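Just below is one structure, and these are the notes that go with it.
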Amino acid sequence: MGRIAYVNGRFSRHDQAVVHIEDRGYQLADAVYEVWSLFDGKLADPEGHFARLERSLGELQIAMPMSRAALTMVLKETVRRNRIREGLVYLQVGRGVAPRDHAFPHPGTPPSIVVTVKAIDRAATEAKAAKGVSVITTPENRWGRCDIKTVGLLPNAMAKQAAKERGAAEAWFVDEMGLVTEGSSSNAWIIDADGTVRTRATNANILRGVTRYSLLDILREQGMKVDERPFTPDEARAAKEAFITGAGTLVMPVVAVDGQPVGDGTVGPVAMKLRSLYIERARATAI
């Protein structure tokens, strides 16, 4: 069966799905997106993703294309038509189609919506997690509203390509103070020498990661020490463990930063335990 996409009210074969040439998401990056992990055909962390979607749209003054209930039905129907049980669901909502102009179009312009689904090999990702991944660092060069999940991802794409060319899985942005902000498509974490789990607070205009928030709940339930405080690349390398989180990576151990080992350079037990706990919770609460 070929892949199926949902575009502006219609289900189409993936290779035949199209958007208008004057769609503002295509021309001006005037759109936001969300990505759900898919477990057993169900959407993980539903409340967090819908809440972030609504916030991002509100910050950009883009109307919700439909009610949350209706959108949930569209997402689930796209999943059903693709017959995918384990994977990722991508949703993009833009300001719509209008003659190209920087100013917003008429308020009655219907928002654009695209939904796609792709499969993930969970066995392969578990093998990757057991081995751990490496990251590189790169200067922070993105706009100051990274808390809004827009499709304007060129700096992120360039950072990810730089990581790929150096044999790494992710790139961590580092600000003018020498502190890690986040990854190109993930949040960054360390477990420092005294066992405290650290990640940067979201008031620093970083992405309000949904997986991040779920993991913070798990950490508190486990009674672990948590500090929403930034860290430097040197602190990451000196840490007991490091990891990244996101809908695509879930909880992924990091074993090297800029080619130098984190701790002893092996996957630590805490990150793997947190990965297991997160997956267990995500499966149990998916809709």
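For clarity, every value in this text was computed on a predicted model and none was experimentally measured. If you read the sequence from its start, that first residue is 1, and numbering goes on from there.
- Figure legend: Arg200 and Phe231 shown without cation-pi pairing, the cationic atom not lying both under 6.0 angstrom from the six-membered ring centre and within 45 degrees of its axis.
- Checked by atom type, the side-chain pair Glu280/Tyr278 shows no donor-acceptor distance below 3.5 Å.
- Under the 3.5 Å distance criterion, with hydrogens and angles disregarded, a donor-acceptor pair is assigned to the side chains of Thr202 and Tyr213.
- Of the charged side-chain nitrogens involved, none lies within less than 4.0 Å of a carboxylate oxygen, so that Glu126 and Lys131 do not count as a salt-bridged pair.
- No side-chain donor from either of Thr199 and Glu228 sits under 3.5 Å from a side-chain acceptor of the other.
- Scanning for salt bridge (Lys or Arg N to Asp or Glu O under 4.0 Å) contacts around Asp121 gives an empty result, with sequence neighbours left out.
- Remark: the Asp23 side chain and the Ser112 side chain contain an N/O donor-acceptor pair separated by less than 3.5 Å.
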N/O donor to acceptor pairs below 3.5 angstrom from side-chain atoms of residues 103-111, sequence neighbours left out:
from, atom 1, to, atom 2, distance (Å)
His106, ND1, Gly108, N, 2.9
Thr109, OG1, His106, O, 2.8

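- Ion pairing of Lys42 with Asp40 is absent here, as no side-chain N (NZ or NE/NH1/NH2) approaches a carboxylate O to less than 4.0 Å.
- Salt bridge Arg198/Asp227: absent, no basic N to carboxylate O contact under 4.0 Å.
- The two atoms that bring Pro230 and Leu179 nearest to each other are CG-CD1, 3.8 Å, heavy atoms only.
- Salt-bridge formation is detected for the pair Arg166/Asp258: a Lys NZ or Arg NE/NH1/NH2 atom is positioned less than 4.0 Å from an Asp or Glu carboxylate oxygen.
- Other residues, nucleotides and ligands contribute over 12 non-hydrogen atoms within 6.0 Å of the CZ atom of Phe11.
- Just one of Lys149, Arg208, Arg52 meets the salt bridge (charged side-chain N to carboxylate O under 4.0 Å, His left out) condition when paired with Glu34; it is Arg52.
- In summary, the side chains of Thr196 and Asp194 do present a donor paired with an acceptor at a separation below 3.5 Å, with no hydrogens or angles considered.
- Between Val262 and Val255, every side-chain heavy-atom pair lies at or beyond the 4.5 Å cut-off.
- In the model, Thr138 has no side-chain atom that pairs as donor or acceptor with a side-chain atom of Trp172 under 3.5 Å.
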